[in-house]
Amino acid sequence: MIGHSEKAAQFLKDENRADWHDQTLWMVRQKRDRAAWSVPEWEDLREEASQIKNHALSNLDNYLLQFEEKVIGNGATIHWASDAQEFNDLILRIIQKNGAKKIVKSKSMLTEECGLNPFLEKNGLEVVDTDLGERIIQFRNEPPSHIVLPAIHLKKEEIGELFEEKLKTAKGNSDPQYLTAAARSHLREKFLAADVAITGVNFAIADTGTVVVCTNEGNADMGVHAAKIQIHCMGIEKIIPGTNELAVFTRMLARSATGQPITTYTSHYREPKAGGQMHVVIVDNGRSKLLGNETYRNSLKCIRCGACMNTCPVYRRSGGHSYNYVIPGPIGSILGPDSDINKFKDLPFVSTLCGSCTNVCPVKINIHDLLYDWRQEISEKKLLPLSKRYLMKITGIVLAHNTVYNLSGKVARWAIRNLSGELIYHRINVWGRERELPEVPRESFKQWYRKNTLERRSVNEQG
Amino acid sequence: MSRDNILKTIRQNKPEFTPLPKYLEVTDPKPRRELLEIFEKSLNQVGAEFIELSLNEEIDSYLSFHFPEVHQIGKNGFRDEYSANCSKEKLDQIDTIILEGHLGVAENGAIWLDDSDFPNRLVPFVAQMVIISLDSAKILSNMTEAYHKLNMAGTGFGVFISGPSKTADIEQSLVYGAHGPKSLLVVIY
Amino acid sequence: MIKVGLFIPCYIDQFYPQVGIATLELLQKIGLNIVYPLKQTCCGQPLANSGAEREAIPICKNFVRNFSEFDYIVSPSGSCVYYIREHYNILDQTDQVKKVRQNTYELCEFIVDVLGMEDLKIEYPHKVGIHQSCHGLRGLKLGMPSELVAKQFSKVHQLLKKAKGIEIISLGRKDECCGFGGTFSVIEPEVSVKMGKERIRDHQINGAEIITATDMSCLMHLEGIIRRQNWDTKVVHIAEILNCNRL
């Protein structure tokens, strides 16, 4: 697998596009700022949201049981899945049992995480992602590059060409209005033909058994209300106690995500429609284990708003696909190593630890601290390359010993000053590829201090 | 069984119990006129159009005068025509519908509708244009107040609608009518 | 009289002695009894940020040994100070460790919060852009970061705006990271440099002749890019500006 830094370097080769990506997401960050400032009690809400999530996690088993009881009482069916495989099998069984063939799906990071689409397709089913951005990347057969703006890595011209091929739109027309209209009529057909609608879940209300789904397009509702069978898929961490808590989150989610005061549709599904079926699938897939990790359990508070991505200067300049993990950006760099530390060991290092992610997080996950903690763990588990570990050891010895440090400093400064540029700016000097090294002074501060303060003082004293 | 295993692991792993926070005081005693102004500002922001009727205008006569052809809940057999069993193809033909909103939220322009307002759940999403009438006395300040008013345990399906269906998935250009209504008109009386 | 220890981080010691000198002179002019312990090396952060917190422990202990006798420890590096305050929790919390963690201050913070001074009688007739180094801003709270919905302030601005003749320019993105990030600068060199270029560009298009910061590490990175590009923007550490005074 090609790591983040290489993919990022590739991403930056097209500088205009990289600048566009950065500026567009920065604009979303600014919208988020304006939306947050429109709520004077914003920081108090963040604190409330954080405490609600802490509370819900501390009582998770009881809330899940309460939720289950209510869901059953509401005439819906509840299912539990331990991992991705069980989840996929379970969905397939519901579909097959009903003789269904056509499935529409609104956005769900959980189904991405579990690889539901390829699994269902392998079993001969048609799954259509109905969120416009998701449909675009589904046509392109690639993963989302952002959890809220899945096609943010694409330019409208590319989408125009894609739709020309897939939806027979006019050649060369890349007007977003026109392309959206084409997708609208294409997807309307799919909605009306679908037997099953699958959605993700933003919030699950324990005391009423309601699942809440937020969209701007209305695609979750088009699917759910048109299809006979509705299936809502949720991670165990989506549970909140009741509507007091829901109020806090509906005030924050869209403001954090896109800077809207609320999503266009905030839909509350409790009972199946007349003559329909409603299924709720609760998925673990590593979450209950993560709950036992005192350090990283905080990441289970995440409500998938994407604010940490929009504000992250590294994400904006490397694109979501560089991260390789299903959830990119700062929060993904914590969740990735948790799902597979060997595969995603580079992600915690993909950050300057500037801390902006932590400040925008609506549930106050200390994202940059967790990235720092992951670095320690990866290093302790000896997952860093040997050369790097060796370098750390040496550096540790040099910096812990004053005399060794003084000598090494002298040697290094001498080397930079006297060796030829060719030697210094060798290609292994990563710093020097696009940056000059500092101009090296003849003496260090310590040498200067000795000479100018101590020696002068002793001269004075002797004199 | 997965269910029991998941619950067992959660029980073993969950952190020490922490209580829910003390919530901020939610009642916002803003005068009606001020709430209405904030609400209208929010509607504007979310891409909804609105008309505010003057005091002596009657909502029913306003709607039947201005939208004589448009289906309106509880009127002209609308409920029977678009019942829960209505075919999708027929619902797809709906051009414009008028619905009555339960309550509005000033801070975000959202209007609550639920099963009691439409005989078929697809109606507010499948229509090309939606008109919602709303009593200005039913505008609340924020989501907390709104949820206090609602009975979630008695709602099979309910939705907050804030503006027309929209997307910005192509280069962040805002387009109305991604799937559902291309426009939303709120008639405030 | 209070005893103040001067901590000059390793890379400033080796590459930017003038910043150490400016810090020392400034504090001496203010009239403080300031001592530079000769056996100091580094705070340990370079290793810890790379994941080698354990290897850094002897370095941290050396720091505590050198500085525990002082009432205050002052350093011209927000990042190192943040590391000492925040991450010396890996050491046994002896009285010395606690004392050192509590009493280590970044230079501007020390002047504003401990000494209660704002007007240092500086004269600095230049157009200056302030780069808000992340660890100082978000870690030490030297200012209110733009993400938070709270009254905006900046201790660095407070000090600089008193300077005679200075023009502090405003930026398009007032507190975005410069892309240095310690080892990040060599693990992700392309992104790091891209971020640096754009920070510099923001200062340039808004008319800055000089970019200043509380952290020389950010400035080292920016200066490296500026020199490679042959741009004429200068970088000057905040201590060097504050030392241009008439005290």
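Note that the structure is a prediction, hence the values are computed from the model and not measured. The figures that follow rest on heavy atoms only: side chains count, while hydrogens, waters and symmetry mates do not. Chain A is the first sequence line, chain B the second, and so forth, proteins listed ahead of strands; every chain is numbered from 1.
A salt bridge links A:R188 to B:D92: one of the charged nitrogens lies within less than 4.0 Å of a carboxylate oxygen. The existence of a salt bridge linking A:E237 and A:K53 is excluded, since no basic side-chain nitrogen approaches an acidic carboxylate oxygen closer than 4.0 Å. By the 4.0 Å N-to-carboxylate-O rule, B:R33 lies close enough to B:E37 to be salt-bridged with it. Looking at A:R46 and A:E43, a side-chain N of the basic residue comes within less than 4.0 Å of a carboxylate O on the acidic one, giving a salt bridge.
Heavy atoms closer than 4.5 Å to chain A are found in the backbone of B:P19, but not in its side chain. With a 4.5 angstrom heavy-atom cutoff, B:K22 touches chain A only via backbone atoms. The part of A:A194 that comes within reach of chain B is its backbone (N, CA, C, O), which places non-hydrogen atoms under 4.5 angstrom from that chain. With a 4.5 Å cut-off on non-hydrogen atoms, A:A254 does not touch chain B at all. For a residue to count as touching a neighbouring chain, one of its non-hydrogen atoms must lie under 4.5 Å from one of that chain's; by this rule A:S288 touches chain B with backbone and side chain alike. Of the two parts of B:A153, the backbone and the side chain both hold a non-hydrogen atom closer than 4.5 Å to a non-hydrogen atom of chain A. Looking at A:I136, only its side chain comes within 4.5 Å of chain B, counting heavy atoms on both sides. In this structure, the portions of A:A226 lying under 4.5 Å from any heavy atom of chain B include both its backbone and its side chain. Interface residue B:T155: only backbone heavy atoms are found under 4.5 Å from chain A. With a threshold of 4.5 angstrom between heavy atoms, B:V159 approaches chain A through its backbone and through its side chain. The parts of B:V126 that come within reach of chain A are both its backbone and its side chain, each placing non-hydrogen atoms under 4.5 angstrom from that chain. Neither the backbone nor the side chain of A:N293 comes within less than 4.5 Å of any heavy atom in chain B. Residue contact with chain A, scored on non-hydrogen atoms closer than 4.5 Å, involves the side chain of B:Q45 exclusively. When heavy atoms are compared at a cutoff of 4.5 Å, A:Q260 approaches chain B solely by way of its side chain, counted from C-beta outward.
For the 3.5 Å distance criterion, the side chains of B:T167 and B:H179 fail to qualify, holding no donor opposite an acceptor. Side-chain contact of A:T264 with A:N216: a donor-acceptor pair under 3.5 Å is present, judged by distance alone. Neither side chain, A:W80 nor A:E86, offers a donor N or O lying under 3.5 Å from an acceptor on the other. In the model, A:N310 has a side-chain atom that pairs as donor or acceptor with a side-chain atom of A:H146 under 3.5 Å.
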B:S83 vs B:N85, test: side chain to side chain donor-acceptor pair (under 3.5 Å). Steps then yes/no. CA-CA 5 Å; B:S83 70; B:N85 304 320; 4.8 Å; no
Test side-chain contact (heavy atoms from CB on, under 4.5 Å) on B:L103 and B:I139 and set out the steps. CA-CA 6 Å; B:L103 59 84; B:I139 295 170; over 6 Å; no
Checking B:D114 against B:W112 for the side chain to side chain donor-acceptor pair (under 3.5 Å) test, could you report, in this order, the C-alpha distance in whole Å, the side-chain angles of both residues, the deciding distance, and whether it holds? CA-CA 7 Å; B:D114 60 38; B:W112 176 262; 3.0 Å; yes
Tell me, with the steps shown, if A:H225 and B:F125 meet ring pair (Phe, Tyr, Trp, His ring centres under 6.0 Å). CA-CA 9 Å; A:H225 306 313; B:F125 305 97; 5.3 Å; yes
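Classified by interplanar angle (parallel below 30°, tilted 30° to 60°, perpendicular above 60°), the ring pair B:F157/A:Y269 is parallel.
Ranking A:A151, A:G209, A:P272, A:A56 against chain B, the residue ahead of the rest is A:P272, based on heavy-atom pairs under 4.5 Å. With chain B as the partner, the residue from A:L45, A:I159, A:V28 showing the most heavy-atom pairs under 4.5 Å is A:I159. Interface check for chain B: of the options A:L187, A:T215, A:V224, A:V212, the most heavy-atom pairs under 4.5 Å are formed by A:L187. Of all the listed residues (A:E294, A:R297, A:E41), the one sharing the greatest number of non-hydrogen pairs under 4.5 Å with chain B is A:R297.
Each of B:P164, B:S183, B:P181 was evaluated against B:Y176; a single residue qualifies, B:P164, per the side chain to side chain contact (heavy atoms under 4.5 Å, CB included) test.
Residues of residues 243-251 of chain A placed with any heavy atom under 4.5 Å of a heavy atom in chain B are listed by number as A:T243, A:N244, A:E245, A:L246, A:A247, A:V248, A:T250, A:R251. Within residues 47-55 of chain B, no residue has any heavy atom closer than 4.5 Å to a heavy atom of chain A.
Between B:F160 and B:Y147, the ring centre distance stays below 6.0 Å.
Within the structure, side-chain hydrogen bond (donor to acceptor under 3.5 Å, both in side chains) pairs that include any residue of residues 119-133 of chain B comprise A:R184-B:Q128, B:E100-B:S133, B:D115-B:R121, B:Q128-B:K182 (at least two apart or interchain).
The salt bridge (charged side-chain N to carboxylate O under 4.0 Å, His left out) check on A:E157 picks up nothing, with sequence neighbours excluded.
B:L113 is listed as a side-chain neighbour of B:I161, based on a closest heavy-atom distance under 4.5 Å.
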